[in-house]
Every structure is written in C-alpha cells, then in structure tokens.
Amino acid sequence: MNLSKQYQPTEIEDRWYAKWMEAQVFKSVPDEREPYTITIPPPNVTGILHMGHILNNTLQDVLIRRKRMQGYNACWVPGTDHASIATEAKVVAMLKEKGINKQDISREEFLQHAWEWKEKYGGIILSQLKKLGASCDWDRTSFTMDPEYSQSVLQVFCDLYEEGYIYRGNRMVNWDPSAQTAVSDEEVNHKDTPGHLYHLRYQIEGSEDEYVTIATTRPETILGDTAIAIHPEDERYTHLHGKKAIVPLLGRAIPIILDDYVDREFGTGCLKVTPAHDTNDHEIGLRHSLEVIDALNPDGTISEAGQLYVGQDRFVVRKQIKKDLDAAGNLVKVEDYNHSVGYSERTDAAIEPRLSAQWFLNMQELSKPALEAVNNGEVQLIPPKFINTYRHWMENVRDWCLSRQLWWGHRIPAYYVKGTNEHVVAMSEAEAVEKARAKTGNAQLTAADLAQDEDVLDTWASSWLWPISVFNGLTQPDNEDINYYYPTNDLVTAPEILFFWVARMIIAGYKFKGQKPFNNVYLTGIVRDDLRRKMSKSLGNSPDPLDLIEQYGADGIRVGMLLASPAGNDLLYKESLVEQGRNFANKIWNAFRLVKGWEVADIEPSERDILALDWMEARVSEVSAEIDDHFEKFRISDALMSVYKLKWDDFCSWFLEFVKPEYGQPIARKTVEGAIDLFEKNLQLIHPFMPFITEELWHGLRDRAANDFICVSKLFKAKTPDMSVLGEMELMKEVISAVRNFRMSKNIPNKEVIELFIQTDDQATFEKYRSLLTWMLKLSKMSFVTEKVDGTGSLRVQAHQLFIPLGAVDIEAEKEKIQKEIVYTEGFLQKVLKKLSNERFVSNAPEKVVAMEKKKQADAEAKLEVLRRSMEELG
RNA sequence: GGGAGCUUAGCUCAGUUGGUUCAGAGCACCUGCCUUACAAGCAGGGGGUCACUGGUUCGAGUCCAGUAGUUCCCACCA
C-alpha cells in the first residue's frame, strides 16, 4: 500500500460526507430507543459561516455524534431563521443596487424579491455546515417562515391576544431611523460618544431680559419642547413658579413646571421637556398632561410639526440650530461632553426615542415558570455563572415590543376596522371579518372594510417557538415527533442571546407545551482574535472558515476550536490551534501507516507484545471512564484533551513503540489484531471530534461492509481497568524516562546498547517487564544487584536504584546530585514530622490523613537511607 | 449608579466537599536528534510567593472580610 506521509483531508472528507448522506445515517425517526435531541440555533437564512458558527456547531456535532454512538436515537434538527431586520436590510441593499427603491414598490413586489433572494442564497450556510461535518437530519430542515411554522407563530399571537397578554400601546420605543423600525432594548448598543452640552437660555414670557438657562445635548429637540421643568424645592428658581418660557427661534410659550425628577446638580438645574423624544420627558409629560410635539419624521428628518428645518436630517439641524441660536442670542455656552448614545445593533444608526403605537406582550406572568425552572435546576445553564445574569433579567423583565415596521416576516394578524378605532385579531381575513362583524354589530361588514396591520412580528417571536415548531408541536399538538423528541436535551448557543432567545424559548416551552424546551443550555464563548478583539468583518480579523477547512481539514479546525474553549469562556483564536488540530490528524494517520505497514506472520506474540497489549487495554478503559466523566460535566475541551493524550502519548509514544518489531522482522498476527482492536477503540473515542479521518481509518484498518460506518457504530463498553498493570507500567515508564535522561546527560548515543543493574526490593515486577525494558532501553543485559556496582553511574526511580556502566564517571557531579536530593528529602521529612508532632493535627485530622502522613515519613526515611548509602559508596 | 464574575507558568486555562511534594495541562520556550510511521516528528529540560492584606482552621490555591486590577450584564443624567 502506498500511503502519503502526510494526511490529505480534502478528498477524504467530501467522499465520506457523501456516503453518509447516501446511507441516510443521520436520519432519525421515532423508535423504541431513547431519543437525544438538539435543535440548532437557526442561523440567519442569508448568513454565511463565521468562526462563531464553527465553534457552536462543532460542539453540537460532538455531542450528537457521541450520543449516536452510545445507542441513543440522535436527532439534530437543522434550519434557518428568517431574521427579519437583517434579511430585509440585505434585500433593500440588493434592490438598491438594481436601482429599485423599497419605497417605490408594493409590499407584494418587495416580498417577491425577498423570497427570490431567499431561494437563491438561503441555506448556503447549511451546505457550509456539511463541510464541517455536521451530522444533522437534513430531511428535518426547518425555516421560521415555512407555512406550518408561520401558522404556529400567528396562532400563538392570536391565543396570547385572546388571553389578554398582548396589548396595543403607545410607548416610547427605540426608533432606528435607518431601518425605520422600532428595535427592542436588547438591540440597542449604548456607546460613549463625544458630544457637546449646549447651554441655552429661554426668555421668560412677559419679561424684558429675564431668562432661564437649560443644558441639553440635543439642541434640535427644542422644536418639540413643551415645558421647562425645575425641581420643586430648588430655591434658585422659586421666582419662576407658574411662569412661562419662550422657546427660542419658535417663539412658542411653554409652561415652567415642577417635577422632582429634575436633578438639581446637573447642568443648570433646569430641564427642557420634549415628551416626544425622550423616555423620561415622556413620563414627565404624562404626569403634567403636556402637549406632545413629534418633531421628527420616521427617517430622522425634522417633521412639519417641528416648523423649522423641515425635511432636514437631525444631525445637520443640530449644527445649524447651534449657529442660529447663537445668532439669536440664546446660546450661552457649549461644553465638550461625553455621553452615552444608543445605536442600533443592526444598522448602527443612532437610536431616537420615539412615540409609536406598537404591539406589546406582557411578560410578568409568562416569565415566572421560566425563572423558576432555572432557579430550581430543571433547566441547567452551563456554566452556572450565567444563572445570576438570567435571574436578574427575569426578575426585572419588561414587556416585549412585538412589532417591527418591516415587510419581511410574519405579518401581524390584526385587522383594523376602517373608519373606527376598533381592531380584531384573527388567523385569517375571513375570520377577521366574522369577528369584526360581531364586534361592531355591523353584519354587512366585508373584507374591504378591514385593513391588516402593516407591521411584522419581531424575529424572536417566531424563533422562541423553535424547539416546539420544528416538530409542528403547535399545529399538530399530539403528533409522534413532538411527543417523542420534546423536551429536547441540549441547547448550544452564545450567551449574547440568553435573553433574546433562550429565556423566551423557556417561557414559550412552559406556556405552550407545559414543559421545558430543553434540559441543558451550554453557553459558548465568543470567538476573538489573540488580541481579545471580537472577530468582525469590519476589523477583518476573522479568517474564512471555508479556507481553513480547505487548508487544514474539517477535522483539524474542529479540534483547533475545541482545544481551548471551556464552556462560557471566550475563545482566543490563533491559527496555531488549527495547526495543532491538523497535526493531530497527521499523527493518527501515521500511526495507521505504521500498523498497515507491518509484515504479519503467524508467530506467537512476544512477551513484550502481551505486556503492551494488557497495559493499553487497561489504559483505554481508564481514559474512557475519564472521558465519560468529562462529557457528563460538559467539559468538552477536557474530553478532547483526554482523547488527544490517549492517542498521542499512550498509543503512539508508548504502545506502538512497545510492540514495534525489530528491524526487518515480522510481527505476530495476534499482536496486530490486538493493536487494531485498540486502534479502533481509540477511533471511536476520537470520532465525535474528528468524524472524517476516523471514518476513513475505520474502513482502512479492516475490510468492512460499505455501510458499516464508525459514525453509527456502537461505542465499546470499557472494562474495569486492571489497576495493578497500570501502576506497574507507570513505574516502567518512569524507569525508561530516567534511563533516557541518563543517556542524554552522559552523551550515550541511542543506538549504543547498555547494561543495566537494578537494586530493588521489588524484583518480581522488574522481572516481569524484563523484555519490555530490554527493548525500550536497548539493553544488552539486565541484572539485579544488592549494592552499588563499580564503574557505573547511578540513578533512582522511586525507591529503586539503577546502575549503568560508564567509562569515566563524574563523581563530583554525582555527589552533588545526590546531595541535592538528600536536602530535598530531608526538608520533606521535616515537614511531615512537624505535622505529626502537632498534637492537634493528630487528634483532629481524619485517621486516613494521619496514616498517609506516617507512610510518607516511612518512605522518606527509607529513601534517605538509600541516598546516604550511595553517598558513602561514592566516598 | 446597580449587579455578577474573574485574577494560578510567557499564553490559554484545569484544580471537584479545605488533607499525599499540590502547585497541574496544552501551547510556547530551551537542549539534543533527518532513529527504517510521522521534522505537521522523536527524546529530554527549565519555568509560578496561586493579585495583595488580614482572618477562620491542626492544615488554605480552595472558606470569610477588605484592597487593587480586570471583564461582563442591567439601568442610564438632560
């Protein structure tokens, strides 16, 4: 067989993925096995794969593949999210490039373009996930705007409305003038922004030269001023009580009101009140029944109501009005001032607080079971540090603004009766007509008298149903799938969307299914570069995952991402991590080349073969238990590290070296079979992390039926490891390392055979491993002695003395080494004795601990004796 | 302003209910090797006052308090 020295993943990966698909090995249908279910956090339908997806989906795939091999009916449901704001923004941009303005086309035309776009680019990301090796049941691919899914979204809206949870409210919302939509609090990023604090003076009505000076960061909003507020107890301004002030440039008289919201310390202690453009001002306005003047258009330009600068952008006006106020003598001074400004997460436009009619969901009652579930551990967050954050948010939950002023999404099923203030909520137009007739008492009313709400629902108002609706759990409440797969097992997602999505899914789970949606939430970290900067397009610090897969193989990138990412910790990405992953694949590949390259003969296995096989068997069992434990605790990185060391250190560095035949000699068939068996166990443990190379070698090691895949193989059951074998071999490994070290320090070439004398009270163990030591250390002879052998250098392993003949011995160096060890051991003994002579320790500490200390004392004393004797022997 | 977390080797992190010399791992680094699976490799090695101060305890990396630094979340002052 002619195998390349280096592993070439590309062709192998594509080939196996195609075979898996053909054999439908990832398909899941309910059966008698226990299900293990993950629903993918649906990526944006028009999104492309980034490093965060790689991390997130690799984790899911590792979990699902392992469970599949453990005999569960593993079901990983993939799909995409329609992502209303993000997708609509992309479609708008695409149309613009074609010279089409969204404002110039109808809703229907726009949606047609959007769907075309979705059909063309939607789901690219899913095919990219296949390159990564994601073992999803692709037949179950869902989309949040699938007909049946949409049905469930609208149904939920109607039901919640009927139950009184949904209401229509005039509220101050975060208005994104760029997307021209309201965005939720969570979608606003507050950033410290350098700006100015403008001190403006308003003339007091009826006075000649009496003024009141206020401070504002947004002078253009004076166009919407309807009051000046002062603190009721502010003695500086008592003379203004009951008076009115004149808005500069406009000449409008507005009342001076008293409100203890005003901070006397800030600015001048006088506050201009603009109810339409500031959340707090709005509340003050409500308290004082102030007029509301909406001086801004939806696109951020000044409205007719603003009277001046109509149609000009708010930022342009801010500059201009400063000049005009100055010219009019109203500008007192301008200070530099840094303040926090909200920006839209999606468009990065500065958010305007804006009064707007929106649909809201009352969260008070609904959130209670979801809070409880996390508090009592019914739903586990991993790592648990996120519980506090979750709790804090849930305890202070605000009503959810459900409507978005967009076209792409689920259109709100509310219908207004034209010419009235009435509205009805219904699943269909026909139903709406019926309801409207009943409500208005007008039996002649037709669809033409109704107008459906123009807005769509917030994206999260569909994705919060994800674990339910991918199984059609609302439209067909008792179907086989939902009953079998729900609640799902694990959710893997980013902490950034703990509230947007996770919390709301839990709420929805309890509300609509009466059950939690999943048992565990594994929160990944954020992928950053090695300077701790978030990976972003604008910084250009994110590699293209597909390039990496091309270069290092999917297995390599999977391992690279997982090597350094404990749950909840950010992952500092470096290309060297992926290199390490690729190198590991290469290591496995070369182990395979070695095993396949052996010349096999029908001879009896050698003694060392048997020792090696017994030990490796025990070691695989031991590590397998370790890995079980890691997985149980979601320590995926640790599990990978265990696998990595088992393969690299134990299997390759030790085991294969143990059984390697002498140059030119054949190897026993039984040894090879044993080695292959162990290799396969390794492959099974590695498979969830590196699906491709393991599948390739699974078929390379043995002749197998084409459909005998490792990915659906039954993971071996670990035996109870033979601890004495493990312990003995640990000693032998120490001996081997010590002798190697000795060779190195004495410049004895590796090829040169040496003689070894052993002084020990455990001759039996050394005797047992004679063949192994002889092979590994290139011994010409191994014998036991009772005292130091002349002309040798000595070394110690635990309480055993080893002597190796030397031409010239550096006695002084030897003595120095021994002396050092004596000092160290004496220090250690002192510490132990001090402990043991402490009455309170002996009486208070558990017996076991005291016994341990006594054993330490005995061991140290024995060791000292050996050391001192060696010292004497050296003269 | 409110809340939560973090601080252990050059870097990224483990360290389970306090108890073996407990101070660890991977990477990086240093030294020697192209040894007939692999230089994407082999063998060997150095490196930390567990942020600081105090307390509890027979015993503290581990528990408590304070200090400093740092990160995140929530709210937001015009």
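Lettering follows sequence order; numbering is per chain, from 1. Values reported hereafter were calculated over all heavy atoms of this structure, with side chains retained and with hydrogens, waters and symmetry mates removed.
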Does NZ in A:K778 sit with more than 12 non-hydrogen atoms of other residues, nucleotides or ligands closer than 6.0 Å? yes
Counting Watson-Crick and G-U wobble pairs only, both distances under 3.5 Å, name the nucleotide matched with B:rG66, or none. B:rC52
Of the listed nucleotides B:rA14, B:rU35, B:rC73, the one nearest the side chain of A:D638: B:rA14
Which is true for A:D281 with a 4.0 Å heavy-atom rule: it touches a base, it touches only sugar-phosphate, or it touches nothing? nothing
So if I take every side-chain heavy atom of A:H392 and compare against B:rG2, B:rG26, B:rG44, which nucleotide ends up nearest? B:rG2
Using purine N1 to pyrimidine N3 plus N6-O4 or O6-N4 for Watson-Crick, or N1-O2 and O6-N3 for G-U wobble, each under 3.5 Å, what pairs with B:rG24? B:rC13
Just distance, no hydrogens or angles: give the donor-acceptor pairs under 3.5 Å from side chains in residues 654-663 of chain A, sequence neighbours left out.
unit_1: A:E657; atom_1: OE1; unit_2: A:K660; atom_2: NZ; d: 3.4
unit_1: A:E657; atom_1: OE2; unit_2: A:K660; atom_2: NZ; d: 3.3

When we call it a touch if two heavy atoms are under 4.0 Å apart, what does A:T279 touch: a base, just sugar-phosphate, or nothing? nothing
Decide yes or no, distance alone: a donor-acceptor N/O pair under 3.5 angstrom between the base of B:rA40 and the side-chain of A:E579. no
When you compare B:rC38 with B:rU71, how far apart are their P atoms, in angstrom units rounded to a whole number? 48 Å
On a heavy-atom basis, the closest approach of A:L701 and A:I676 is O-CD1, 3.9 Å
To the side chain of A:R398, which of B:rG41, B:rC73, B:rA75 is closest? B:rA75
Counting just side-chain N and O atoms, does A:K5 come under 4.0 Å of either OP1 or OP2 of B:rA39? yes
Scan side-chain atoms only and decide if A:H231 and A:D259 contain a donor-acceptor pair under the 3.5 Å cut-off. no
Using atom C1' of each nucleotide, how far apart are B:rU36 and B:rU20 to the nearest Å? 44 Å
Between A:R740 and A:Y261, which residue's closest nucleotide on RNA chain B lies nearer the 5′ terminus? A:R740
Please give the distance between the P atoms of B:rU8 and B:rG48 as a whole number of Å. 15 Å
For B:rG47, which nucleotide is its Watson-Crick or G-U wobble mate, given both distances must be under 3.5 Å? none
Mate of B:rC58 across any strand shown (Watson-Crick or G-U wobble, both atom pairs under 3.5 Å) is B:rG19
May I ask which nucleotide in the shown strands pairs with B:rG1, Watson-Crick or G-U wobble, both distances under 3.5 Å? B:rC74
Could you state the atom-to-atom distance from CD1 of A:I636 to P of B:rG26 in whole Å? 20 Å
Within less than 4.0 Å of OP1 or OP2 of B:rA78, is there a side-chain N or O belonging to A:N280? no
What does the list of N/O pairs under 3.5 Å between the protein and nucleotides 5-12 of chain B look like, with a distance for each?
unit_1: B:rU12; atom_1: OP1; unit_2: A:R532; atom_2: NH1; d: 3.4

Atom-to-atom span, CZ of A:R533 to P of B:rU71 - whole angstrom: 16 Å
Six-ring centre of A:F584, A:K587 cation under 6.0 angstrom, axis tolerance 45°: no
Does the side chain of A:D225 come under 3.5 Å of the side chain of A:Y202 through a donor N or O and an acceptor N or O? yes
Any side-chain N or O of A:R635 below 4.0 angstrom from OP1/OP2 of B:rG15? yes
What contact category does A:W648 fall into here, base, sugar-phosphate, or nothing, at under 4.0 angstrom with non-hydrogen atoms? sugar-phosphate
Can you tell whether the side chains of A:R533 and A:D529 come within less than 4.0 Å, N to carboxylate O? yes
Taking B:rG47 as the reference, what is the distance to B:rU31 when you measure between their C1' atoms (whole Å, please)? 15 Å
Among the candidates B:rC77, B:rG3, B:rG41, find the nucleotide nearest to the side-chain atoms of A:N583. B:rG41
Nearest listed nucleotide, side chain of A:K633, among B:rU16, B:rC27, B:rC38: B:rU16
Rounded to whole angstrom, note down the P distance from B:rG2 over to B:rC22. 45 Å
When you measure from the side chain of A:K660, which nucleotide among B:rA78, B:rC27, B:rA37 comes out closest? B:rA37
Sugar-phosphate only, base, or nothing, as touched by A:K272 at under 4.0 Å among non-hydrogen atoms: nothing
Identified side chain to side chain donor-acceptor pair (under 3.5 Å) partner of A:E220 from the options A:K322, A:H277, A:R318: A:R318
Distance, C1' atom - from B:rG66 to B:rA23, rounded to whole angstrom: 26 Å
Whole-Å gap separating P (B:rG41) and CD1 (A:I588): 12 Å
In whole angstroms, how far is the P atom of B:rG41 from the NZ atom of A:K647? 15 Å
For residues A:E575 and A:Y552, is any side-chain donor paired with an opposing acceptor at under 3.5 Å? yes
Per atom distances to the A:K645 side chain, the nearest of B:rC38, B:rG26, B:rA43 is B:rG26
What heavy-atom pair brings A:L777 and A:R743 nearest, and what distance separates the two atoms? O-NH2, 2.8 Å
Any base atoms under 4.0 Å from A:S737, or only sugar-phosphate, or nothing? Heavy atoms, all strands. sugar-phosphate
Is there a side-chain polar atom (N or O) of A:N396 under 4.0 Å from OP1 or OP2 of B:rA75? no
Determine which nucleotide pairs with B:rG32, using a 3.5 Å limit on both distances of a Watson-Crick or G-U wobble pair. B:rC42
Closest contact, heavy atoms only, A:Y390 versus A:A503: CE1-CB, 3.7 Å
From B:rA43, B:rA78, B:rC38, nucleotide with atom closest to A:N590 side chain: B:rC38
Could you state the atom-to-atom distance from CD of A:E496 to P of B:rC74 in whole Å? 11 Å
Mind checking the P distance from B:rC76 to B:rU67? Whole angstroms is fine. 29 Å
Check whether any side-chain N or O of A:K854 sits under 4.0 Å from OP1 or OP2 of B:rU20, and answer yes or no. no
Can you tell me how far P in B:rA14 sits from the matching atom in B:rC6, rounded to whole Å? 10 Å
The side chain of A:N741 is closest to which nucleotide in this list: B:rG45, B:rU36, B:rA37? B:rG45
Check every atom of B:rA25, B:rA37, B:rA78 against the side chain of A:T217 and return the nucleotide holding the closest atom. B:rA78
By the 4.0 Å heavy-atom rule, please label A:E657 as base, sugar-phosphate, or nothing. base
So what does A:R582 touch, heavy atoms closer than 4.0 Å: a base, only the sugar-phosphate, or nothing? base
